[in-house]
Amino acid sequence: DLCKDFARGKILGILAGRGGKPDTQRFILASREMLNVRASEFSNIKLIGEGGNGKVHRANFKDSVVVVKHAHDANAIRQEFGIIGRFQHENIVKCLGLVTDAEPPFLIMEYVDGGNLSQFGRKYQASITEPMVKKMFREMLVALRFLHEEQPVDNEKRRVVLHGDIKPDNILLLVDSPQLEQHEGEGAPLAPDATVKLADFGISKLLTLMTPNATPAIVSERIRGTIPFLPPESWPSPLPTSQYSKAGDIWQLATAIGQFISAKCPFHHHDSYNDPYTDEDLSTVSPEFQSVLKSCWRRNPEARPSAA
């Protein structure tokens, strides 16, 4: 049963065409070599993204191309660095440092040249294949497994990270630029060695749990994610708080993949009592893969499969 295999973590191996679980890297500190650089050392700065919380620029620094992320709230940038600056993982956008001589301070991130899933889908929608979708889904599951795994802090505590805002705009593709040019007009240029990366930890939560009697990782305050991608337990309601857990990230990931497949917004059918996407929306992928996505949309968070 594919759903049960997924719940046990075996889906990672099934979708990859191999058995067993992927290797999980432990939290390691990001490089601090850029912490004390000055803002004036960046050149050829170009705006590549803007939202309600801040702006993202592409810039040259020494011999590299990097991303400069500004936020309107200095505390928000420091909080994001406090999360993403703790680790490195192949499927998570790398944080290179925090520049503190600017006001507000800004993050320096690796530059991912293939754009985000929304851009990729708009450009190559007709060429999207099921193996391509599975590769993206699989690599995002690997990233979530890494974030959700309870990482030891000391003898008494452990940490998990909840992303909270998984959507196509925050899933990036690392591919070679010459490859993009070579395949222009020929279909989607997603080579087998392309890497899918999770980005934007601006509203993520780093939770410290006590062992051995800690409850599952749950955020009690409301997660300020993107509403169409939020799980039902986090929808706006008269209640003063709503819960968000690892299962919320699973819902969001499946919904992001559903949008990539269908090129439609979640709940475009205006029926919040059903799944974000219909069978017709998902008709370009196999019933087997559809069942995996639907298992991630179970209303009871505890009934959803995990990335572990």
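- Of all the heavy atoms in A307 and L144, the pair that sits closest is CB-CB, 3.9 Å.
- E130 and S286 share a donor-acceptor pair across their side chains, judged by distance under 3.5 Å alone.
- Note that OG of S204 and CG of D249 are 7.5 Å apart. Values are rounded to the nearest 0.5 Å.
- Taking H70 as the reference, H57, F106 meet the ring-ring contact (aromatic ring centres under 6.0 Å, His included) condition, with sequence neighbours excluded.
- For F87 and F146, the ring centers are positioned less than 6.0 Å apart.
- For L174 against K197, the heavy-atom pair with the smallest separation is CD2-CE, 3.7 Å.
- Checked by atom type, the side-chain pair T255/W297 shows a donor-acceptor distance below 3.5 Å.
- Using a 4.5 Å heavy-atom threshold, the side chains of M109 and V56 count as separate.
- With sequence neighbours excluded, the residues satisfying side-chain contact (heavy atoms from CB on, under 4.5 Å) with D73 are N75, A76.
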Determine whether K62 and E41 satisfy the following criterion, salt bridge (Lys or Arg N to Asp or Glu O under 4.0 Å), listing intermediate values before the conclusion. CA-CA 8 Å; K62 297 183 179 179; E41 296 182 58; 5.4 Å; no
Under the salt bridge (Lys or Arg N to Asp or Glu O under 4.0 Å) rule, what do D279 and K294 come out as? Steps first, then yes or no, please. CA-CA 10 Å; D279 290 347; K294 290 177 181 180; 2.3 Å; yes
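- Here L282 contributes atom CG and I257 contributes atom CD1; the two are 11.0 Å apart, rounded to the nearest 0.5 Å.
- Put simply, the side chain of H269 gets close to the backbone of D275: a donor and an acceptor are under 3.5 Å apart.
- Cluster annotation: F289 and M140 are assigned to the same hydrophobic cluster (Ile/Leu/Val/Met/Phe/Trp/Tyr, side-chain heavy-atom contacts under 4.5 Å, transitive).
- Sparse packing is recorded around NZ of K55, with 12 or fewer heavy atoms of other residues, nucleotides or ligands lying under 6.0 Å away.
- Closest of all the heavy-atom pairs between I203 and G164 is CD1-O, 3.6 Å.
- Residues forming a ring-ring contact (aromatic ring centres under 6.0 Å, His included) with Y111 (at least two apart in sequence, or on another chain): none.
- Minimum interatomic distance between A143 and I92 (heavy atoms only, all atoms of both residues): CB-CG1, 4.1 Å.
- Listed here is the closest heavy atom pair of P231 and G248: CG-CA, 3.7 Å.
- Side-chain contact check for D281 and H268: at least one donor-acceptor pair (N or O, by modelled atom type) lies under 3.5 Å.
- S43 and N60 share no donor-acceptor pair across their side chains, judged by distance under 3.5 Å alone.
- The minimum heavy-atom distance linking L107 with C95 is given by the pair CD2-SG, 4.0 Å.
- Side-chain atoms of Y244 and Q252 form a donor-acceptor pair, as typed in the model, at a separation below 3.5 Å.
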